[in-house]
Amino acid sequence: MTTTQTTTTVTAPAPTAPTTRGPLTLPPHIARATATAGGALTIISAFLAWTWTSAFPGDLTVYGYPGGLQWLVLVSGALLALFGLSSYGIKGLTWLTPQGADPAIRLASYAALATAWFSIIAISVSLGGVVNLEPGAYVAAIATLIGWIGARSLPYERPENHPADPEDSGFEQFKHNLSNRWTTYKSAFATNSARPAKPLPSYIEILIVAVVLALGLVVFTYGISTEYDELFIGFLITAGFGFAAIQKAGLIQRVTTLTARHRNVTLVGAFVAAAAFPFTQSDDQYATIGVNILIFATVALGLNIVVGLAGLLDLGYVAFLGVGAYAAALVSGSPTSPLGIHLPFWQAILVGAAASMVFGVLIGAPTLRLRGDYLAIVTLGFGEIFRIAVLNLDGTSGPDVTNGSNGISSIPNLSLFGFDFGATHTIGGFTIGRFANYFFLMLLVTLIVVVVFRRSAESRIGRAWVAIREDETAAEAMGINGFRTKLIAFALGATLAGLAGAVQAHVTYTVTPEQYQFAHAVPPNSAFLLAAVVLGGMGTISGPLIGGALLFLIPNKLQFMSDFQLLAFGLALVLLMRFRPEGLIANRRQQLEFHEKDEAPATLTKAGA
Amino acid sequence: MTTDTTTAEATAVSTPGETVLDARGVTMRFGGLTAVRSVDLTVNSGEIVGLIGPNGAGKTTFFNCLTGLYTPTEGEVRYKGTVLPAKSFKITATGIARTFQNIRLFSNMTVLENVLVGRHTRTKEGLWSALLRGPGFHRAEAESKARAMELLEFIGLDHKAEHLSRNLPYGEQRKLEIARALASEPGLLLLDEPTAGMNPQETRAAEELIFAIRDKGIAILVIEHDMRFIFNLCDRVACLVQGEKLVEGTAAEVQGDERVVAAYLGEPFEGDPGAAEVAEVEAAEAAAAPETTTPGTTTPEAATPTTPGESTSKENDR
Ligand SMILES: Nc1ncnc2c1ncn2[C@@H]1O[C@H](COP(=O)(O)OP(=O)(O)OP(=O)(O)O)[C@@H](O)[C@H]1O
Ligand SMILES: [Mg+2]
């Protein structure tokens with residue numbers, strides 16, 4: 001640290017040397033102050049009017065009250081100011097940055113800059129020119145720029161780069177310089193190892209967990225109820241950079257330690273927070289998204305048993321959701337169901353789960369004797385077989401069971417204990433519509449799946465799954481019946497998907513084969529489910545839930561880019577795997593696996609079968 | 001001899017002379033290559049038996065035949081009188097546990113979890129029990145944990161119970177593999193080069209550990225290249241060359257046998273048709289260090305490199 005600072009002071013008077021500091025670079029103590037002030041100014045700018053007309057959604061014409069995108073700018077500015085203050089070592093705020101504030105400041109400044117400039121450009125474009133901007137917009141633009149300049153001037157340990165060999169060809173030199181720049185750039189975000197947290201009284205820790213959960217609810221609710229594309233994109237920008245900043249600050253890790261210490265409190269708290277969601281909504285519009293997110297995320301969590309714990313790559317998982325949905329639909333009393341029977345819901349959901357389990361065992365028994373890639377291909381095939389079989393069981397190409405491509409429609413609403421799920425209820429002054437009703441029901445299923453996941457993972461069978469994932473031969477040599485153990489994981493995963501499917505059938509009124517494809521623009525489908533697990537974090541509970549929520553929300557909100565959705569999805573996955581292979585929520589093991597600085601002993605490389 | 005006295009004590013613990021392992025005519029062919037040819041071997045309770053042989057002699061393959069990773073082409077293996085089942089997990093349940101030449105720990109599990117996985121065959125709790133979490137489940141988990149911690153104490157790793165096993169130093173990983181194998185409460189423990197890559201102090205400690213295991217009444221069959229280790233440890237030694245058992249006897253007898261020395265030096269083994277290519281490799285290896293070997297005083301180990309990188313990165317070991 002000291003060495004960099006001295007070099008800074010030496011090079012500061014001569015800012016012409018672009019390789020070391022670059023233009024627009026301030027001395028460190030001024031840089032810090034500038035970044036923090038930029039953050040503060042950004043906050044203020046959010047309270048100003050940015051445009052004169054309310055034609056741009058969100059009404060940014062008011063002085064004294066932020067609207068629409070301004071809220072996001074406000075949050076990112078606050079984040080920047082907060083980390084800036086924390087870097088001054090202000091008591092209490094240092095708790096926020098256990099891994100050092102500077103990388104977090106840098107990312108927060110990106111958040112502010114990107115959000116503000118995106119907003120301003122969006123306003124100019126949609127209203128037709130910069131003439132539509134009020135002074136407030138310029139203040140925001142300049143404030144975030146100031147914050148960014150301050151943040152980028154913060155000193156950091158620069159790596160020793162070797163200059164390119166002048167004898168190399170031009171392209172080689174260019175490549176070399178590029179990679180040098182990249183290493184330098186990366187080192188700007190290098191974090192210190194985390195300062196250990198001072199032990200807090202347990203009630204304060206629980207309070208912190210509660211606050212974090214409440215914040216989570218606010219962020220999710222905000223994301224779900226964004227009303228126009230610009231706002232959602234702005235939300236993604238702020239949330240993305242903000243998450244990165246918080247992560248770099250070491251805050252996520254710190255909170256994870258707390259939630260791990262108070263697991264049951266966190267579990268209950270998380271479900272209370274989730275259950276509070278419908279109460280934040282005035283109508284049923286976004287509860288639809290809410291319940292669909294829950295279905296998708298729950299199925300992803302079920303898949304996480306198969307993929308994350310047992311390490312079985314299942315590319316046809318959505319078929320189990322389909323089996324559950326079809327089974328429940330057939331016994332739901334729907335007029336288009338050829339069975340024409342109407343079982344009570346608790347029986348229907350059991351039928352759905354049982355049908356999925358049977359299907360899981362039937363598929364698993366022959367395929368689980370295969371290892372690795374073969375399994376993936378075979379499950380992919382079976383997933384499609386399910387869809388095509390359902391398509392053909394229409395009375396003309398086969399026996400009439402599923403109505404072919406028309407599916408089973410008009411599935412009646414549920415009614416449990418006299419509670420009609422189709423009707424709107426008023427609970428304590430809040431209106432709870434149809435989808436909100438199902439949201440609560442689905443939340444119950446999610447809770448079941450979470451508990452099943454947790455309990456099975458932390459038991460003899462869960463250890464056997466992980467052992468098989470790690471090294472199947474060694475696991476067998478330790479007495480684990482690999483086939484049986486994998487079959488249990490497979491069947492359990494299928495059962496949980498079936499459970500969700502039974503609810504899904506009632507939520508969507510109709511089940512059709514098209515809902516259960518391998519890849520499709522709309523989730524849930526097998527590819528998206530797998531992506532939710534990988535993106536969220538394999539082997540964790542919160543990972544697939546968060547990953548699922550994001551992967552549902554993004555295509556749902558950004559419908560204007562529906563043609564490019566799969567392309568964007570693929571790009572996002574590649575980038576994620578490059579920069580954060582362990583997913584958003586790292587499992588304690590994977591964290592070590594992917595980011596181990598010190599090399600593991602070479603003996604650990606597995607050879608042979 | 002110290003070994004003799006300890007042997008006497010140990011045999012007093014379990015039924016003396018009972019045959020734990022009885023392999024008859026075990027043959028393993030891979031296509032045209034006969035890696036193990038008609039090997040007979042017995043291990044009696046309370047015994048430590050060594051298995052030596054130059055690289056590629058088929059020692060690991062023989063182990064794999066005993067533990068069900070390979071199904072022998074011909075021959076029969078009995079454990080305490082009963083023919084072994086075909087599947088490796090059933091063999092472990094019967095009472096044979098093993099370690100691997102190239103360490104195969106569950107690297108992303110903690111040290112404790114590794115040992116707990118080893119307890120798999122001795123516990124019964126299935127999925128339902130895990131989901132319902134009745135009192136029986138908690139009791140079984142607690143008992144398993146206690147047993148696992150006991151074993152970790154035994155090998156001296158209890159203070160690292162919560163570490164990821166991949167982060168352990170090499171010697172401790174080998175020990176952990178032994179603990180994991182012991183967790184299945186075996187009657188026979190197969191150790192494949194337990195000291196490969198260890199320094200002399202660690203090797204000494206490993207010897208102590210193996211004696212202590214034997215004193216628990218567990219018979220041991222150990223593959224090793226370090227002849228001093230074999231000499232200190234084993235009641236009986238068999239030497240495998242090109243898949244065939246060449247000699248069997250006390251450590252001193254085997255070490256002094258000129259055929260063994262010749263085999264390590266790469267002298268073509270009379271009347272052996274099948275393994276010409278193996279012999280070639282042996283010859284090349286042995287040629288690298290011919291002058292160091294004098295019968296009796298120096299060890300055949302000198303002709304076979306035992307550096308960790310060399311002996312543990314072999315691709316053919318399961
Ligand atoms: N799965 C297999 N398929 C084909 N050949 C094999 C297989 N496993 C082992 N072999 C061959 O069998 C022979 C014996 O190998 P093995 O690993 O048993 O030797 P080893 O005595 O354990 O040697 P080392 O001392 O180097 O560990 C070698 O020639 C090897 O290449
Ligand atoms: Mg070997």
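Order of the sequence lines fixes the chain letters, A, B, ..., with proteins taken first and strands second; residue numbering starts at 1 for each chain.
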**Q.** Contact class of B:R180 relative to chain A, heavy atoms under 4.5 angstrom
**A.** both
**Q.** Most chain A-contacting option - heavy-atom pairs closer than 4.5 Å, from B:T121, B:I96, B:L131, B:T94
**A.** B:L131
Q | Region of B:K90 that comes under 4.5 Å of a non-hydrogen atom in chain A | A | neither
Q. Which bit of B:I91 comes within less than 4.5 Å of chain A, counting heavy atoms only: side chain, backbone, both or neither?
A. neither
Q: Could you check which of B:K87, B:R119, B:H120 has the highest count of heavy-atom pairs closer than 4.5 Å to chain A?
A: B:H120
Q | chain B contact via A:I488 - side chain, backbone, both or neither, heavy atoms under 4.5 Å | A | side chain
**Q.** SB check B:E141 A:R463 (cutoff 4.0 Å)
**A.** yes
Q: Go through the atoms of B:T67 and report whether side chain, backbone, both or neither lie under 4.5 Å from a heavy atom of chain A.
A: neither
Q) Using a cut-off of under 4.5 Å for heavy-atom pairs, which of A:R454, A:R460, A:E458 has the most such pairs with chain B? A) A:R460
Q) Is the centre of the A:F490 ring less than 6.0 Å from the centre of the A:F320 ring? A) yes
Q: Please assess B:R147 against B:E185 for the test salt bridge (charged side-chain N to carboxylate O under 4.0 Å, His left out), listing each intermediate value before the final yes or no.
A: CA-CA 10 Å; B:R147 277 285 296 144; B:E185 295 170 12; 3.7 Å; yes
Q) How far does CG of A:L530 sit from CG of A:N304, to the nearest 0.5 angstrom? A) 10.0 Å
Q.
Could you measure the distance from the CG atom of B:L168 to the CD atom of B:E177? Nearest 0.5 Å is fine.
A. 11.5 Å
Q) Which region of A:A475, side chain (C-beta onward) or backbone (N, CA, C, O), has a non-hydrogen atom less than 4.5 Å from a non-hydrogen atom of chain B, or is it both or neither? A) both
Q) Does a salt bridge link B:R174 with B:E202, judged by any charged N lying under 4.0 Å from a carboxylate O? A) no
Q: Look only at the side chain of B:T110 and the backbone of B:E113, and say whether a donor-acceptor pair between them is shorter than 3.5 Å.
A: yes
